[in-house]
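What you see below is based on every heavy atom in this structure, not just the backbone, and it leaves out hydrogens, waters and symmetry mates. All values reported here derive from a predicted model rather than from experimental measurement.
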Amino acid sequence: LPPVPLERRMWAGGRLWFHHDLRIGDAVVRTSQITSVEHKDGRAGPMVLVTVRHTVTGPAGAAIEEDHDIVYVNPPTSYVAPASDPLPDDLAWQEEQPVDPVLLFRFSALTFNAHRIHYDRPYATEVEHYPGLVVHGPLQALMLVQAARRHEPQRRVATFRYRARRPLFDFDSWLLAGRGTGEASEVFSANGDADIAMRGTLTWGAGDG
């Protein structure tokens with residue numbers, strides 16, 4: 001990664017392709033490669049968008065591929081909430097996902113994520129100027145896929161694309177919701193005000209889930 005002088009790192013979104021199953025006992029290798037680095041100017045000033053491609057390979061070849069988008073920006077002096085982006089009215093399902101600091105700490109440990117915005121409240125609020133601990137983007141993505149599979153238990157996920165819209169915090173009520181039939185489903189992570197925090201699309205493939 002070339003030097004990036006911007007201090008705030010944010011998970012912007014990603015794309016996953018599930019080619020075939022991995023089995024317990026398989027020997028697997030994950031290879032990570034930076035595929036693009038873009039310098040841009042946005043409303044908040046300069047930013048750098050970095051995309052990393054992860055490939056998980058098992059005995060039958062590439063099992064999972066993931067593009068992981070990261071944004072680097074200058075930290076603001078105060079938190080400004082994004083504009084409202086409400087959940088759609090035609091949802092097929094909606095459920096509440098409990099969230100608390102213990103869940104965030106455990107997920108940070110599970111994923112070897114040392115970013116202090118997820119478990120160190122003084123750092124998150126006083127240094128990065130968030131109003132609370134930040135719910136991980138990957139945790140939201142994982143919960144969205146699991147929720148969709150609960151509502152379509154007979155189906156297998158083929159691809160998943162998602163984009164972060166606004167931060168979600170440990171004091172928020174966390175909603176998971178979805179809609180769609182046929183080959184694709186649209187899923188949403190939202191706060192207690194029903195403002196979308198993450199939006200994603202799953203496509204379903206052949207075979208059991």
Hey, are the side chains of [X] and [Y] touching, using non-hydrogen atoms and a 4.5 Å cut-off?
X: Ser36; Y: Val50; answer: no
X: Ile117; Y: Leu133; answer: no
X: Val187; Y: Trp93; answer: yes
X: Leu202; Y: Arg161; answer: no

N/O donor-acceptor pair under 3.5 Å between [X] side chain and [Y] backbone:
X: Asp100; Y: Val102; answer: yes
X: Arg149; Y: Gln154; answer: no
X: Asp85; Y: Asp195; answer: no

Would the number of heavy atoms belonging to other residues, nucleotides or ligands and lying under 6.0 Å from [atom1] of [X] be above 12?
X: Phe171; atom1: CZ; result: yes
X: Gln146; atom1: CD; result: yes
X: Arg150; atom1: CZ; result: yes
X: Glu183; atom1: CD; result: no

Does one hydrophobic cluster hold both [X] and [Y], with members joined at side-chain heavy-atom distances below 4.5 Å?
X: Val48; Y: Val73; answer: no
X: Tyr123; Y: Val134; answer: yes
X: Phe160; Y: Leu142; answer: yes

For [X] against [Y], the heavy-atom pair lying closest together:
X: Pro98; Y: Leu103; result: O-CD2, 3.6 Å
X: Pro82; Y: Pro167; result: CG-CD, 4.2 Å
X: Leu139; Y: Val135; result: CD2-CG1, 4.1 Å
X: Leu175; Y: Leu87; result: CD1-CD1, 4.4 Å
X: Ile196; Y: Pro86; result: CD1-O, 3.6 Å
X: Ala184; Y: Thr201; result: CB-CG2, 4.4 Å

Can you name the residues that form a side chain to side chain contact (heavy atoms under 4.5 Å, CB included) with Glu66, not counting sequence neighbours?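 Trp11, Leu16, His54, His68, Tyr162.
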
If you apply the rule side chain to side chain contact (heavy atoms under 4.5 Å, CB included), what do you find for Tyr119 with Leu104, and how did you get there? CA-CA 6 Å; Tyr119 61 85; Leu104 303 187; 5.9 Å; no

Apply ring pair (Phe, Tyr, Trp, His ring centres under 6.0 Å) to [X] and list each qualifying residue two or more places apart in sequence or on a separate chain.
X: Tyr79; answer: Phe169
X: His39; answer: none
X: His19; answer: none

Single hit among Glu96, Gln97, Gln140, Met198 for side chain to side chain contact (heavy atoms under 4.5 Å, CB included) with Leu176: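 Passing option: Gln97.
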
Nearest 0.5 Å, what's the [atom1]-[atom2] distance between [X] and [Y]?
X: Arg165; Y: Ser189; atom1: CZ; atom2: OG; answer: 12.5 Å
X: Leu6; Y: Met10; atom1: CG; atom2: CE; answer: 10.0 Å
X: Trp204; Y: Glu152; atom1: CH2; atom2: CD; answer: 5.5 Å

Against Ser108, only a single residue in His115, His136, His118 fulfils side chain to side chain donor-acceptor pair (under 3.5 Å); can you say which?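 Answer to the side chain to side chain donor-acceptor pair (under 3.5 Å) test with Ser108 among His115, His136, His118: His136.
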
Mind running side chain to side chain contact (heavy atoms under 4.5 Å, CB included) on Arg179 and Phe188 for me, showing each step along the way? CA-CA 9 Å; Arg179 64 180 179 179; Phe188 309 91; 3.9 Å; yes

Report the C-alpha distance between Thr159 and Phe18 in whole Å, list the side-chain angles of each, state the deciding distance to 0.1 Å, and finish with yes or no for side chain to side chain contact (heavy atoms under 4.5 Å, CB included). CA-CA 6 Å; Thr159 68; Phe18 301 95; 5.9 Å; no

Can a salt bridge be assigned to the pair Glu128 and Arg116 using a cut-off of 4.0 Å between side-chain N and carboxylate O?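 Result for this pair is no, no salt bridge flagged.
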
What do the steps show when you test Trp17 against Ile64 for side chain to side chain contact (heavy atoms under 4.5 Å, CB included), and what is the final call? CA-CA 6 Å; Trp17 297 264; Ile64 302 168; over 6 Å; no

Excluding sequence neighbours, so at least two apart, what forms salt bridge (Lys or Arg N to Asp or Glu O under 4.0 Å) with Asp26?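 With neighbours one apart ignored, the set is empty.
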
Report the residues that fulfil salt bridge (Lys or Arg N to Asp or Glu O under 4.0 Å) with Asp69, sequence neighbours left out, ordered by chain and then residue number.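 For Asp69 the salt bridge (Lys or Arg N to Asp or Glu O under 4.0 Å) partners, ignoring immediate neighbours, are Arg15, Arg163.
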
Do Thr35 and Thr51 have side-chain atoms, one donor and one acceptor, less than 3.5 Å apart?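 Absent: no donor and acceptor within the cut-off.
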
Asp21 and Arg156: salt bridge (charged side-chain N to carboxylate O under 4.0 Å, His left out), yes or no, with the steps? CA-CA 10 Å; Asp21 294 335; Arg156 182 181 186 278; 3.4 Å; yes

